[in-house]
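All remarks here apply to the structure that follows.
All values below come from the heavy atoms of this structure, side chains included, with hydrogens, waters and symmetry mates left out.
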Amino acid sequence: MQQIEQKIGYNFKDKKLLRTALTHSSYANELHRGENNERLEFLGDAVLSIVVADYIFHLYSDKKEGELTKLRASLVCESTLAGYARQLGLGGKLLLGRGEQHSGGADRPSILADAFEALIAAIYLDGGMEEARRFVLGFTKKEIEHPAVRRTADYKTTLQEIVQQNEGERLEYVLVGESGPDHNKHFVAEVHLNSNVIGKGGGRSKKEAEQQAARAALELMGY
């Protein structure tokens, strides 16, 4: 944990927050006790989104909503966050269950991305929004100001942009299935348009399942 603190330039007052951020559910389940990082990941996702959205909103006053949405999506997607986690060497510091360790969980993009978001939340809870902002922008600021051409397929953003063309339409993603052991989970999600199912997809993380559901919806719509 000291190595992580040195890398991020922040010393936790409450070391338990950092430990929880690095604890995967497979580890906590094996011990049948203790917290895992899922709740922190939920909060960190929101903090990350607001920090990035706020920065690009003020930096690019000439860009329209769709352009801002695309830029934000490219910076908060799973593959990008996993890359940030690798820069910190988070994979080698995570507390994983034995099955997850043996199946390569320490380098799985979904696990790394979730841990990075959990770390954001831990910093936010321990040091406040400004510390969280400093941490997030330390990774994203350069890419925001000099956005690279990203080839990552973001089906959710594309689908959202299409649906937004019709006023009053509403998209919702619903998790409808979850199976497999902790080290090899499979999730199934549906995307609903005004309560009607227009796509269904699966993946090894909730985010991947939602992306595949959006992809199925785009195919159904002829895109």
Side-chain angles (χ1 to χ4, degrees), residues 4 8 18-30 34-49 51-52 72-124 135-136 139-140 143 150-160 173-191 199-217:
I4 292 295
I8 66 178
L18 178 55
R19 181 181 173 85
T20 301
L22 299 175
T23 303
H24 188 255
S25 59
S26 61
Y27 182 88
N29 291 340
E30 276 191 9
E35 292 184 272
N36 61 56
N37 63 10
E38 289 179 351
R39 281 172 51 84
L40 286 178
E41 182 263 327
F42 165 79
L43 179 59
D45 179 69
V47 174
L48 170 67
S49 185
V51 169
V52 171
R72 182 183 63 182
S74 71
L75 292 161
V76 303
C77 68
E78 184 177 281
S79 60
T80 300
L81 299 183
Y84 296 155
R86 291 188 180 101
Q87 289 179 41
L88 287 173
L90 280 189
K93 305 295 186 293
L94 293 177
L95 297 173
L96 300 169
R98 284 171 293 182
E100 199 65 71
Q101 284 182 334
H102 294 325
S103 64
D107 196 49
R108 185 167 299 135
S110 60
I111 290 178
L112 290 174
D114 288 350
F116 187 81
E117 289 179 330
L119 183 57
I120 293 172
I123 294 171
Y124 167 74
F135 174 70
V136 169
F139 286 91
T140 61
E143 292 190 63
R150 294 177 178 272
R151 304 187 65 86
T152 302
D154 188 351
Y155 302 112
K156 289 180 66 175
T157 298
T158 302
L159 181 61
Q160 183 68 37
Y173 291 87
V174 179
L175 184 67
V176 296
E178 180 179 337
S179 61
D182 287 335
H183 67 278
N184 192 24
K185 285 281 190 183
H186 182 77
F187 299 90
V188 179
E190 292 178 346
V191 56
K200 187 174 183 179
R204 297 193 67 176
S205 70
K206 296 174 185 178
K207 292 177 182 178
E208 184 183 349
E210 290 178 355
Q211 284 283 357
Q212 293 307 314
R215 177 180 181 177

**Q.** Gap between atom CG of Asn37 and atom CG of Leu18 - 0.5 Å precision
**A.** 11.0 Å
(Q) Within a 6.0 Å radius of atom NZ on Lys206, are there more than 12 heavy atoms belonging to other residues, nucleotides or ligands? (A) no
Q) Is Phe135 atom CZ crowded by more than 12 heavy atoms from other residues, nucleotides or ligands, each under 6.0 Å away? A) yes
Q) Taking only residues two or more places apart in sequence or in another chain, which ones pass side-chain hydrogen bond (donor to acceptor under 3.5 Å, both in side chains) with Glu35? A) none
Q.
Quick check for you: to the nearest 0.5 Å, what is the distance between His24 atom NE2 and Glu41 atom CD?
A. 10.0 Å
Q | Side chain Asn36, main chain Ser25, donor-acceptor under 3.5 Å | A | no
Q. To the nearest 0.5 Å, what is the distance between CD1 (Ile120) and CG (Leu43)?
A. 9.5 Å
Q. Of all residues at least two apart in sequence or in a different chain, which pass the side-chain hydrogen bond (donor to acceptor under 3.5 Å, both in side chains) check with Lys200?
A. none
Q) Within the side chain of Ser103, is there an N or O that forms a donor-acceptor pair under 3.5 Å with the backbone of Gly99? A) yes
Q | Parallel, tilted or perpendicular: rings of Phe116 and Phe139 (30°, 60°) | A | perpendicular
Q | side-chain contact (heavy atoms from CB on, under 4.5 Å) involving Gln160 - partner list, sequence neighbours excluded | A | Gln164, Leu171
Q: Please check if the side chain of Thr80 supplies one atom and the backbone of Ser74 the other of a donor-acceptor pair under 3.5 Å.
A: yes
Q: Let me see the working for Glu78 and Ser110 under side-chain contact (heavy atoms from CB on, under 4.5 Å), right down to the final yes or no.
A: CA-CA 6 Å; Glu78 184 177 281; Ser110 60; 3.5 Å; yes
Q: Applying side-chain hydrogen bond (donor to acceptor under 3.5 Å, both in side chains), name anything that partners Thr158, two or more places apart in sequence or on another chain.
A: none
**Q.** Under 3.5 Å donor-acceptor, Glu190 side chain and Gly199 backbone
**A.** no
**Q.** Straight-line distance of His186 NE2 to Ser205 OG, nearest 0.5 Å
**A.** 10.5 Å
Q | Inter- and intrachain pairs under salt bridge (Lys or Arg N to Asp or Glu O under 4.0 Å), touching residues 109-118, at least two apart | A | Glu117-Lys207
Q: Measure the spacing between OG1 of Thr20 and CD of Glu38 and express it to the nearest 0.5 Å.
A: 12.0 Å
Q: Under the side-chain hydrogen bond (donor to acceptor under 3.5 Å, both in side chains) rule, collect the residues that match up with Arg204, sequence neighbours excluded.
A: Asn184
Q.
Using modelled atom types and a 3.5 Å cut-off, is there a donor and acceptor pairing between side-chain atoms of Arg39 and backbone atoms of Ala118?
A. no
